[in-house]
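Protein chains get the first letters and strands the later ones, always in sequence-line order, with residue 1 at the start of each.
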Amino acid sequence: MSELKNVEFQVRDYDLALTLDSGQTFRWTETPVGWEGVISGRWIRLRQVSPQLIRASLSDADDDWSWLKDYLQLDFPYHEMLENFPADPHLSRAIEACSGLRLLRQYPWETLASFICSSTKQIVQIRQIVELLSRRLGGPVQSVQGNSFSFPSVEQVATAPLSLLLECKLGFRARYLKETAEMILGDKIDLKNLGELSTEEAREKLMQFPGVGRKVADCVLLFGYGFQDAFPIDVWIIKALQRLYFPRRKKNLIQLQRFSARHFGPHAGYAQQFLFHYMRVVASV
DNA sequence: GTCCAGGGATTCA
DNA sequence: TGAATCCATGGA
């Protein structure tokens, strides 16, 4: 492999490790020299050199880094967003505990496919599934180790035999993933146009895929399209909302959805990410 | 052996 | 509407 090319980015309140290990993305591995992963077919190493500096290393790079800045959301007005949250001691505590946690802007197909694989799986297992899918169905990518693979394309998943998906430990999710890929390939739903729709319209489209309910759809809206009003409610968030905001009364899913939208506002998805990580790692029971 | 995991679809009351 | 159940699988 040819020499690595480096580029550095000035950052403020950006915790790279926290962000890459926060359960929104599944393809990053921590090594002694940085975080290594594959973004849209490009192998890349990221390292937080200092609180104010992130260094990216990759081979055969041109000088256009807009795709990486977009992926990392380096230009996102983080402080402005934080200031618009409600005065809320619970959320404030979560934000303080997870300072520098960011939302990435991932690619819709990979996000959709990954979260179809995520149902009733632990994050470590989702990572394992996504890695297997890439290894078995994706294409090789030039990297330092020489054994990296791109996440499989829609076509690669749609045309793969179901048995191959089952070998990737997808279990009952294999059929969902394959049928979703077939629907996209058959132009039943175009992932490209969803970003221009309203949150509700885009969610409705996503929920037409098999294996995609409200929660998975909201993850794709939030992590893949940047709809920051999307608020994925999973078991951890239910626990967090119940314990912090409704310790006495049990609320159903609809009530929790209404509360979160009303209470957290247009950047509710960011609040969700703070609460999720806070519950999962910091304040775990 | 038992329980649970960043759920969804189906069935049944 | 809402609760119960099944769906594969692996880690704790």
Rounded to the nearest angstrom, tell me the gap between atom CG in A/Leu132 and atom C1' in C/dA8. 15 Å
N/O donor-acceptor pair under 3.5 Å between A/Gln106 side chain and A/Gln24 backbone: yes
Short N-O contact, A/Glu131 and A/Arg127, less than 4.0 angstrom: no
Whole angstroms only, please: what is the CZ-C1' distance between A/Phe172 and B/dA5? 10 Å
Separation of C/dC6 atom C1' from A/Arg173 atom CZ, nearest Å, is 12 Å
C/dC6 to B/dT2 separation - P atoms, rounded to the nearest Å: 16 Å
Mind telling me whether A/Trp67 and A/Trp65 have parallel, tilted or perpendicular rings, with 30° and 60° as the class edges? parallel
Suppose you measure atom P in C/dA8 against the same atom in B/dT11; what distance do you get, rounded to whole Å? 15 Å
Just how far, in rounded Å, is P of C/dG2 from CG of A/Leu253? 10 Å
When rounded to the nearest Å, what value does the distance between P atoms of B/dG8 and C/dG11 take? 23 Å
Nucleotide forming a Watson-Crick or wobble pair with C/dG11, both distances under 3.5 Å: B/dC3
Whether the side chain of A/Ser150 engages the backbone of A/Gly139 through a donor-acceptor N/O pair (distance < 3.5 Å, no angle test) should be reported. yes
B/dA9 -> Watson-Crick or G-U wobble partner, both distances under 3.5 Å, gives C/dT5
